[in-house]
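Data first, discussion second: the structure below is written as structure tokens.
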Amino acid sequence: MIVPAVAACAAASVGNAAVPRTETLALLLHPAKLYSRPDVHAAQPHGLVSAIRPYTHTRTLLPVLAQKRAPDGRRWLFVLLPGRPNGHGGWIDARSSKLTWTPWHLVVDTHAREVMVYWLGRRVAKFLAVVGNAATPTPRGRFFIEEALSLRPGTPGAPYAFALSARSAVYQEFAGGPGQVAIHSTYGIGGTLGTAVSHGCIRLSAFALRWMASRFGAGVPVTIT
């Protein structure tokens with residue numbers, strides 16, 4: 001059984017006052033077994049979550065949506081997971097991770113075609129964006145930055161890309177990958193900022209990517225509305 005994230009933690013509003021000041025993250029120390037409920041006897045619907053990300057080979061950071069102490073004293077974390085179905089989560093034994101936190105949060109407004117950056121619950125930046133078109137929309141929901149990549153000069157989408165936990169609802173694979181949605185620049189790809197012409201990814205200016213990459217990376221929560 002796949003556990004929707006909203007089943008363990010109600011979705012938050014993305015209004016300025018509702019974005020939390022800080023959010024808890026779990027840094028995986030080793031591969032973590034996933035459970036459908038905080039119980040070692042529960043089914044393991046997802047198997048394992050790798051402790052290392054595939055592209056950057058850095059440790060996995062997952063947003064923590066809930067915590068629970070079991071009768072046996074074991075502490076459990078309900079974490080948001082990458083991949084399909086979008087927005088799913090699972091319980092992990094807290095001993096497989098180290099808790100940390102982030103003051104950053106991104107909100108992508110597909111209607112306004114903007115990306116808003118929050119720090120300690122306060123909006124500190126807003127950037128025009130290219131979002132998915134009607135046939136290949138940018139998926140909406142609660143996600144996070146799965147990996148932060150520095151791209152070589154001349155690479156389409158450079159200078160940076162944030163690979164999100166979101167996956168396209170249209171493409172099961174795209175350009176050899178799993179249909180993963182990313183935030184990257186318009187360089188070498190095109191698209192006028194403030195329009196809806198992408199295959200689902202979110203495109204920003206190179207300036208916006210540099211600004212964000214100099215401040216945060218993997219694990220940061222992303223809400224797409």
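Everything numeric here is computed off the predicted structure, so don't read it as measured data.
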Q) Between Val40 and Tyr35, which heavy-atom pair has the shortest distance, and what is it? A) O-CE2, 3.5 Å

Q.
With a 3.5 Å distance limit and no angle check, can you tell me whether Gln180 reaches the backbone of Leu164 through a side-chain donor-acceptor pair?
A. yes

Q: Compare all side-chain heavy atoms of Pro137 with those of Val170 and state whether any distance is below 4.5 angstrom.
A: yes

Q. When you measure from the side chain of Arg75 to the backbone N and O of Ala70, does any donor-acceptor pair fall under 3.5 Å?
A. no

Q) Does the side chain of His184 reach to within under 4.5 Å of the side chain of Pro156, using non-hydrogen atoms? A) no

(Q) Give me the atom names and distance for the closest heavy-atom approach of Tyr187 to Ala158. (A) CB-O, 3.6 Å

**Q.** Sidechain-backbone polar pair: Arg59 side chain, Leu29 backbone, donor-acceptor under 3.5 Å
**A.** yes

Q | Inter-residue atom distance Asp109.CG - Thr225.OG1, 0.5 Å rounding | A | 4.0 Å

Q: Report yes if some heavy atom in the side chain of Thr110 is under 4.5 Å from a heavy atom in the side chain of Arg140; otherwise report no.
A: yes

Q) Would Lys33 and Asp93 satisfy salt bridge (Lys or Arg N to Asp or Glu O under 4.0 Å), going step by step from the backbone distance to the final call? A) CA-CA 8 Å; Lys33 290 182 180 180; Asp93 188 325; over 6 Å; no

Q. Under the criterion side chain to side chain contact (heavy atoms under 4.5 Å, CB included), which of Met116, Glu114, Arg123, Lys126 is the partner of Val107?
A. Met116

**Q.** Leu61 side, atom CG; Lys98 side, atom NZ - distance, nearest 0.5 Å
**A.** 11.0 Å

Q. Heavy-atom distance under 4.5 Å between the side chains of Thr60 and Leu27, does that happen here?
A. no

Q. Do the side chains of Arg210 and Tyr160 get nearer than 4.5 Å, heavy atoms only?
A. yes

Q | Under 3.5 Å: donor-acceptor pair, side chain of Arg84, backbone of Ser168 | A | yes

(Q) Strictly distance-based, threshold 3.5 Å: is any side-chain N or O of Ser96 a donor or acceptor partner for the main-chain N or O of His30? (A) no

**Q.** Non-hydrogen atoms of Ser165 and Pro82 that approach each other most closely
**A.** CB-CA, 3.6 Å

**Q.** Non-hydrogen atoms of Ala32 and Ile92 that approach each other most closely
**A.** CB-CG2, 4.0 Å

Q. Is the closest side-chain heavy-atom distance between Arg215 and Val117 below 4.5 Å?
A. no

Q. Rounded to the nearest 0.5 Å, what separation is found between the CZ atom of Arg113 and the CZ atom of Arg203?
A. 13.0 Å

Q: Show the numbers, then the answer: is there a side chain to side chain contact (heavy atoms under 4.5 Å, CB included) between Leu62 and Val64?
A: CA-CA 6 Å; Leu62 303 172; Val64 176; over 6 Å; no

**Q.** Distance-only polar pair, side chains of Thr223 and His105, donor-acceptor under 3.5 Å
**A.** yes

Q) Val108 and Ile145: same hydrophobic cluster, using ILVMFWY side-chain contacts below 4.5 Å? A) yes

**Q.** Same apolar cluster (I L V M F W Y, side chains within < 4.5 Å links), Trp211/Ile202
**A.** yes

Q: Determine whether Leu28 and Leu80 fall in the same hydrophobic cluster, where Ile, Leu, Val, Met, Phe, Trp and Tyr are linked whenever their side-chain heavy atoms lie under 4.5 Å apart.
A: yes

Q) Just one of Trp104, Tyr118, Phe144 clears the ring pair (Phe, Tyr, Trp, His ring centres under 6.0 Å) bar with Phe216, so which one? A) Trp104

Q | Backbone of Arg167 reached by a side-chain donor or acceptor of Asn86 within 3.5 Å | A | yes

Q) Looking only at atom types and distance, does a side-chain atom of Ser185 sit under 3.5 Å from a main-chain N or O of Ser205, one as donor and one as acceptor? A) no

Q | Salt bridge Glu147-Arg53, side-chain N to carboxylate O under 4.0 Å | A | no

Q) Closest approach of Ala26 and Val79, non-hydrogen atoms and distance? A) CB-CG1, 4.3 Å

Q) Are Val181 and Tyr55 in one and the same hydrophobic cluster, where Ile, Leu, Val, Met, Phe, Trp and Tyr link if side-chain heavy atoms are under 4.5 Å apart? A) no

Q) Nearest 0.5 Å, what's the CH2-CZ distance between Trp76 and Arg69? A) 12.5 Å

Q: Find the distance between CG (Leu204) and OG1 (Thr186) and round it off to the nearest 0.5 Å.
A: 8.5 Å

Q: Could you check if a side-chain atom of Val222 sits within less than 4.5 angstrom of a side-chain atom of Phe162, using non-hydrogen atoms only?
A: no

Q: Taking all heavy atoms of Ala196 and all of Asn133, pick out the closest pair and write down the distance.
A: O-CB, 3.3 Å

Q) Considering only heavy atoms from C-beta outward, does the side chain of Leu106 approach that of Ile183 to under 4.5 Å? A) yes

Q.
Could you check whether any side-chain N or O of Ser198 sits under 3.5 Å from a backbone N or O of Cys201, counting only pairs where one atom can act as donor and the other as acceptor?
A. yes

Q: State whether Trp119 and Arg122 meet the cation-pi test: NZ (Lys) or CZ (Arg) under 6.0 Å from the six-membered ring centroid, and within 45° of the perpendicular axis.
A: no

Q) Given the rule that I, L, V, M, F, W and Y join up when any side-chain heavy atoms are under 4.5 Å apart, are Phe78 and Leu34 in one cluster? A) yes

Q. Side chain of Thr138, backbone of Gly132: donor and acceptor closer than 3.5 Å?
A. yes

(Q) Using 0.5 Å steps for rounding, measure from the CG atom of Leu65 to the CG atom of Leu77. (A) 10.0 Å

